[in-house]
Amino acid sequence: MPDVLSDIPVNFDSAALRQRCHVATDSDDAVALEALVDQARALARPKALYREAFIEERGDDTVRIAGVTFTSRALRANLDGVERVFAYVATCGAELDAIRCHADDILQPFWLDAIKSVALAAAKAHLAKHLTRTYALGRTASMNPGAAEASVWPIEQQKQLWRLLGDVEGLVGVRLTESCLMVPTKSVSGLRFPTRIDFQSCQLCRREICPSRSAPFDPRAWAKVSSPNGSTSPR
Ligand code: SF4
């Protein structure tokens, strides 16, 4: 049974949100944005859940964790020498979906997206702090199905992650669509694990232009997890 973290504080900083949304102070847009932020303050319930699990078996491209087999050459390589992982989901919370934007304002959906991102960031930070404190973790890294290039850890492996975690929708309100996307969309799922070297999914992503890139593409890391045909996961 996974542990649920539901009492997560979140600080919606109006000035930071105005800056992020490129809204001028004292403008009409600032008033409209603040109205959305006020609703978020009343409604937001970011959440996370996680499960501690142990690795049972390793194949060339697979790793079995608590009875669930994941297939990814990169995941297998990152879990070399690792015995314990933490499967997790963190979310902004479905409660924020109750906020309605004005139908004739094309900017408000983007503002709401930024507001939800703040709630998700709070859930992620709270979970990371909780795991570090509870399990006395040192350096950790995380992998997420569907992050980086499609073949690194295919998004379809969300189904295995959900099998490992159990009733994610019942516990924290995050459901998987048929194409394995999460709803609410401002949710993140993955496996966190101890590591001696820094790892970020962006290191295994060759996309040239991405405003969210957090680490440069690492050809050596890519070569380590690629087969001769350039694929990172077996068919
Ligand atoms: S570079 Fe961009 S698309 Fe690629 S993994 Fe990083 S954030 Fe995702």
Side-chain angles (χ1 to χ4, degrees), residues 16-17 19-22 46 48 50 61-63 70-80 82 85-92 109-128 131 139-162 165 168 174-227 229-235:
L17 276 163
Q19 195 174 29
R20 184 172 178 162
C21 298
H22 307 289
Y50 72 92
D61 307 301
T62 59
V63 57
F70 294 91
T71 305
S72 157
R73 197 164 279 135
L75 180 68
R76 168 65 184 86
N78 271 333
L79 295 184
D80 217 16
V82 172
V85 301
F86 297 90
Y88 69 88
V89 170
T91 178
C92 68
F110 295 101
W111 299 346
L112 187 52
D113 210 54
I115 288 168
K116 289 179 178 178
S117 294
V118 171
L120 172 59
K124 283 165 64 180
H126 190 86
L127 172 63
L131 291 178
R139 179 186 288 179
T140 61
S142 182
M143 282 191 71
N144 319 93
E149 298 206 12
S151 63
V152 169
W153 190 11
I155 195 167
E156 291 77 15
Q157 299 256 312
Q158 288 274 48
K159 291 177 188 157
Q160 277 85 338
L161 193 58
W162 250 241
L165 284 168
V168 178
V174 179
R175 69 177 170 86
L176 275 189
T177 66
E178 281 193 8
S179 47
C180 292
L181 298 173
M182 287 177 282
V183 179
T185 53
K186 291 295 176 189
S187 302
V188 64
S189 63
L191 291 175
R192 182 160 287 280
F193 50 88
T195 183
R196 286 195 305 274
I197 52 163
D198 281 331
F199 171 80
Q200 296 189 46
S201 295
C202 297
Q203 292 171 282
L204 297 178
C205 180
R206 291 173 292 185
R207 183 181 289 192
E208 286 186 3
I209 299 172
C210 173
S212 306
R213 180 175 284 284
S214 57
F217 173 67
D218 182 343
R220 279 172 50 184
W222 178 262
K224 228 172 104 186
V225 300
S226 300
S227 65
N229 68 8
S231 159
T232 50
S233 274
R235 299 266 161 216

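Computation of the quantities below employed the complete heavy-atom set of this structure, encompassing side-chain atoms and omitting hydrogens, waters and symmetry-equivalent molecules. First listed ligand is number 1; within each ligand, the first listed atom is number 1.
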S.K.: Applying side chain to side chain donor-acceptor pair (under 3.5 Å), can you list everything that pairs with S201, at least two apart in sequence or on another chain?
M.R.: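 Result, side chain to side chain donor-acceptor pair (under 3.5 Å) vs S201: none returned.
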S.K.: Among the protein atoms near atom 2 (Fe) of ligand 1, how many are N, O or S and lie under 2.8 Å away?
M.R.: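 Near atom 2 (Fe) of ligand 1, the number of protein N, O or S atoms below 2.8 Å is 1.
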S.K.: Specify whether the nearest protein heavy atom to atom 2 (Fe) of ligand 1 is under 4.0 angstrom away.
M.R.: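 True for atom 2 (Fe) of ligand 1.
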S.K.: Any chance the side chains of Q158 and S189 put a donor and an acceptor closer than 3.5 Å?
M.R.: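 Yes, a side-chain donor-acceptor pair sits under 3.5 Å.
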S.K.: How are the rings of F193 and F199 set to each other: parallel, tilted or perpendicular (split at 30° and 60°)?
M.R.: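 Because their plane-to-plane angle lies in the 30° to 60° range, the rings of F193 and F199 count as tilted.
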S.K.: Counting N and O atoms only, with roles assigned by atom type, does the side chain of E156 sit under 3.5 Å from a partner on the main chain of C180, one being a donor and the other an acceptor?
M.R.: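 No, E156 side chain to C180 backbone: no donor-acceptor pair under 3.5 Å.
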S.K.: Could you grab the distance from atom CD of E208 to atom CZ of R213, nearest 0.5 Å is fine?
M.R.: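 Separation between the atoms: 9.0 Å.
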S.K.: To the nearest 0.5 Å, what is the distance between CH2 (W153) and CG (L161)?
M.R.: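 Separation between the atoms: 5.5 Å.
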